[in-house]
Amino acid sequence: MKETKSSDPSLEDEDDDDDKLVVEDYHSDDEASKCDDDDSKEKEDEPHVTKIYYCSRTHSQLSQFVHEIQKSPYSETTRVVALGSRQNLCINETVKKLKSLSLVNDRCLEMQKNKKEPKKDQLQKKAKKQKIPSTGCPYYNQNNMDMYKDSVAAQIHDMEQLLTRGKELKACPYYSTRYAIPGAQVVVLPYNTLLHKSTREACGIHLEGNVVIIDEAHNLVETISNVYSVEVNGAQLCRAHSQLSQYMEKYRSRLKAKNLMYIKQIVQVLASWIRCLGGRIGCAPDTQKTGPASSKLFTINDFLFTTQMDNINLFKLQKYCERSHISRKLNGFVEKYQPPMVKIQEPEEPQQTGMTRFLQEISKKTSEKKEEPQVLEKIDDEYQAFSSPLLHIEGFLLALTNADKDGRVVISKQDFLSQSRLKFLLLNPAVHFQDVIKEARAVIVAGGTMQPVDEFKHQLLYCAGVQEDRIAEFSCGHVIPPDQLLPIALTTGPSGVDFNFTYQSRDTPKMMDEVGRVLVNVSNVVPGGVVIFFPSYDYEKLIYSHWEKTGVIARLGMKKKVFREPRKANQVDFMLGQYTSIIEKACSGGVQSGGMNGAILLCVVGGKMSEGINFSDNLGRCIVMVGLPFANIKSPELKEKMDYLNATMPSSNGKTPGQIHYENLCMKAVNQSIGRAIRHKGDYATILLLDSRYARSSIQSKLPGWIARRLQTIQKFGPAFGAIRKFFVERRPSSSKADTS
């Protein structure tokens with residue numbers, strides 16, 4: 001049956017818009033070779049020079065590195081380009097307003113394509129003349145981007161300067177910096193861009209014959225695992241299933257047979273995943289109960305059999321998603337038509353009368369009534385964040401193409417389908433890191449707190465096929481003299497309570513009171529800032545609440561203003577500004593009798609303050625580590641990782657690889673936190689480790705060498721307090737003058 005097109009110009013415009021939303025003919029391998037040819041032509045445009053790829057965890061750390069190059073004698077002769085994500089480098093205000101990274105990426109690609117595509121007909125061009133500015137990005141201008149690229153090559157720019165320059169030239173910083181890669185000598189980029197293969201290739205990063213430097217690499221094993229681990233929830237699956245089903249029905253007559261076949265397979269896969277979470281097709285995810293809460297862990301093959309997907313070729317399906325850009329087409333469809341969620345079929349769900357439903361509601365417990373609206377509100381936010389979650393779900397599909405032994409799938413059921421989740425865990429990060437090792441001329445892995453390194457070498461290097469004779473290790477001490485650091489492992493508190501912060505005993509009132517006594521005493525003799533790290537946000541909240549009731553917060557406030565680490569990232573800068581201001585005022589005026597002498601900051605290990613923040617000089621004169629932040633041993637993900645290591649790695653010193661990994665996770669977090677102080681050669685500080693377990697040689701051996709060599713293990717609080725007091729008295733400007741007079 002042939003379609004009859006109306007002569008109405010508005011309908012013709014709509015048809016033309018729909019043409020852009022329909023996936024093009026798919027030719028499998030032919031399509032791949034065509035794309036590869038296009039890529040190869042782009043690669044030949046400019047000669048590739050030998051370069052250094054420098055990557056770190058955060059954009060602030062990358063900016064610090066760029067500033068150091070700018071200050072160096074090599075700044076005039078070195079061509080440096082800094083890369084970032086679209087979220088960080090986009091200057092188009094309409095795109096920046098979008099909430100999620102996937103939405104920003106999709107909108108950017110769509111606008112870029114609209115800018116490049118010529119119109120089929122001059123009449124259509126006139127009819128759509130007013131729509132072009134809203135669809136094509138004004139900053140994606142080749143002439144302007146060429147000027148921008150030359151500007152970046154001539155002078156080193158950090159992230160802020162890249163944005164400013166882009167606005168001046170009306171050129172896209174994201175694409176301009178990518179075009180500048182071939183001629184650059186140093187490329188500065190985030191972890192994910194380098195470590196994720198498809199992202200690396202999309203950015204035109206070629207490692208062959210080049211040098212890779214990975215800074216802040218203490219968590220590199222976990223970072224690679226996280227980059228390739230993917231989690232999707234029931235709300236996303238239902239939304240994608242509903243949207244794709246409606247997309248298929250609307251364009252069924254326009255889709256070629258092969259496109260229709262693959263789209264049906266994707267719908268089938270989404271349906272099978274919804275069912276494995278205990279959900280039903282055709283019902284809203286926030287109303288479907290799938291509890292009680294439970295978690296099951298599967299190998300990849302077992303998961304495929306359980307979900308009856310073993311007859312689907314995931315490699316071909318994933319390749320189709322990548323080549324056909326189905327997620328981008330679906331996103332355009334959703335933006336244009338805003339199809340409703342599967343809630344269209346909701347009327348068949350409640351068969352009861354209104355009175356029956358009312359009676360069911362009032363029979364529930366009051367606590368349940370309070371919780372449900374919070375759940376629904378969270379889900380609504382999530383719906384807003386993803387116009388179409390299919391692109392994110394494609395990542396989970398790609399993860400399932402890993403080898404069976406290298407990953408696991410967790411099916412986590414919660415009270416509602418929208419909260420239930422599927423998660424892929426990568427157990428063997430070496431399979432993805434080996435590409436970097438094989439391609440690069442040299443790989444330099446650096447960090448201030450790399451200890452312990454044995455597990456790192458086993459999990460990332462040996463498993464990737466690197467021979468031991470190819471690995472060169474270099475380690476050096478700290479730049480400060482030995483007398484500028486006082487680390488103490490304290491086993492008991494002021495009233496003689498043994499510091500044993502195990503999960504069973506750390507919540508007791510006497511333990512929390514004892515920590516409060518330590519801090520009150522320390523605050524009296526330590527000038528400037530005292531930074532305390534707790535094992536978790538929950539424990540920090542518990543102990544702060546207890547201290548408020550017992551008056552500890554008030555006593556601390558007599559000497560130091562008390563600050564708490566905020567959970568929201570956008571509040572960190574404001575809080576740090578206040579913290580710094582209080583300390584600067586207190587230290588500039590000197591320590592007055594009975595007056596404020598600084599501030600205290602309550603932080604969390606693994607939180608926003610434990611990495612990338614420098615508490616130099618007066619901002620961190622004392623770092624206090626409360627307990628040992630061991631991970632939850634009952635976590636199915638951690639247990640599976642430990643079991644995998646036990647099965648594939650050798651034991652060492654009578655300990656299983658799983659045990660070693662469990663301890664190392666804890667000590668890496670400790671080392672990263674206590675390393676926030678002592679940031680230059682003139683700096684000085686004391687580190688206080690509160691837990692009797694820090695007296696063990698097995699724990700001390702995992703501390704950084706420059707700390708372990710100076711560490712004093714003190715059993716009683718009196719001598720420890722005396723050592724701390726003497727340490728700071730000797731560094732008072734007034735005391736040194738008095739001694740010489």
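Note that these values count all heavy atoms, side chains included, but never hydrogens, waters or copies made by symmetry.
A donor-acceptor pair is defined here as one N or O able to donate and one able to accept, closer than 3.5 Å; no such pair exists between the side chain of Asn259 and the backbone of Leu255. For Ser418 (side chain) and Gly234 (main-chain N/O), no donor-acceptor pair under 3.5 Å exists by modelled atom type. In this structure, Gln288 contributes its side chain and Cys283 its backbone to a donor-acceptor pair below 3.5 Å. Lys423 contributes no side-chain N or O that, together with a main-chain N or O of Val230, makes up a donor-acceptor pair within less than 3.5 Å. Side chain of Lys197 to backbone of His432: no donor-acceptor contact under 3.5 angstrom is found. Side chain of Asn313 to main chain of Lys316: a donor-acceptor pair is present (N/O by atom type, distance under 3.5 Å, no hydrogens or angles). Formation of a donor-acceptor pair under 3.5 Å by the Gln318 side chain with backbone atoms of Leu314 is not found in this model. For the pair Asp404 (side chain) and Asn301 (backbone), a donor-acceptor distance under 3.5 Å is present. Remark: the backbone N or O of Arg57 is paired with a side-chain donor or acceptor of Gln61 at under 3.5 angstrom. With Arg178 contributing its side chain and Ala202 its backbone, the two residues share a donor-acceptor pair below 3.5 Å.
Using a 30° and 60° split on the angle between ring planes, Trp273 and Phe396 fall in the perpendicular class, above 60°.
In this structure, Asn233 and Ser420 have side chains that are not in contact, with every pair of non-hydrogen atoms separated by 4.5 Å or more. At least one side-chain heavy atom of Tyr247 sits less than 4.5 Å from a side-chain heavy atom of Ile326. Side-chain atoms of Ser225 and Leu425, non-hydrogen and from C-beta on, never get closer than 4.5 Å to each other. With a 4.5 Å cut-off on side-chain heavy atoms, Pro389 and Val232 do not count as touching. Contact annotation: the side chain of Tyr191 approaches that of Glu216 to within less than 4.5 Å [non-hydrogen atoms, C-beta and beyond]. Leu194 has its side chain out of reach of Thr199: every pair of non-hydrogen atoms, C-beta onward, lies at least 4.5 Å apart. Side-chain atoms of Leu638 and His661, non-hydrogen and from C-beta on, do get closer than 4.5 Å to each other. In this structure, Phe303 and Val410 have side chains that are not in contact, with every pair of non-hydrogen atoms separated by 4.5 Å or more.
In this structure, CE in Met261 is found 10.0 Å from CD1 in Ile266, a value given to the nearest 0.5 Å. Once rounded to the nearest 0.5 Å, the distance linking OG of Ser242 with CG of Leu244 reads 9.5 Å. Remark: Lys413 NZ to Leu422 CG distance equals 10.5 Å, nearest 0.5 Å. Note that SG of Cys55 is 8.0 Å distant from CG of Leu62, once rounded to the nearest 0.5 Å. To the nearest 0.5 Å, the span separating CZ on Arg275 from CG on Leu417 amounts to 12.5 Å.
In this structure, a donor-acceptor pair under 3.5 Å is absent between the side chains of Tyr228 and Asn402. For the residue pair Thr299 / Arg408, no side-chain donor-acceptor distance below 3.5 Å is found, with atom types taken as modelled. There is no side-chain donor-acceptor pair under 3.5 Å between Tyr53 and Arg200. No hydrogens or angles considered: nothing links the side chains of Asp538 and Ser536 as a donor-acceptor pair under 3.5 Å. Inspection of the His196 and Ser198 side chains reveals an N or O donor paired with an N or O acceptor under 3.5 Å. Counting only N and O atoms by type, the side chains of Gln268 and Ser272 include no donor and acceptor under 3.5 Å apart. A donor atom on one side chain and an acceptor atom on the other are not found under 3.5 Å apart for Ser85 and Gln87.
Heavy-atom neighbours of Gln571 CD from other residues, nucleotides or ligands within 6.0 Å: above the threshold of 12.
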Check your understanding: Would Glu322 and Lys319 satisfy salt bridge (Lys or Arg N to Asp or Glu O under 4.0 Å), going step by step from the backbone distance to the final call?
Key -> CA-CA 5 Å; Glu322 179 185 346; Lys319 186 177 177 183; over 6 Å; no

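Using a cut-off of 4.0 Å between Lys/Arg side-chain N and Asp/Glu carboxylate O, Glu93 and Lys96 are scored as salt-bridged. Ion pairing of Arg421 with Glu231 is present here, as a side-chain N (NZ or NE/NH1/NH2) and a carboxylate O approach within less than 4.0 Å.
Of all heavy-atom pairs spanning Glu640 and Leu427, the tightest one is CG-CD1, 4.2 Å. The shortest non-hydrogen separation linking Leu163 to Cys90 is CD2-O, 4.3 Å. The two residues Thr177 and Ala82 make their nearest non-hydrogen contact at CG2-O, 3.6 Å. Nearest heavy-atom pair, Gln414 versus Thr290, reported as atom, atom and distance to 0.1 Å: O-OG1, 2.8 Å.
Of the options Leu89, Leu162, Asn88, Val187, a side chain to side chain contact (heavy atoms under 4.5 Å, CB included) to Leu83 is made by Val187 and by none of the others.
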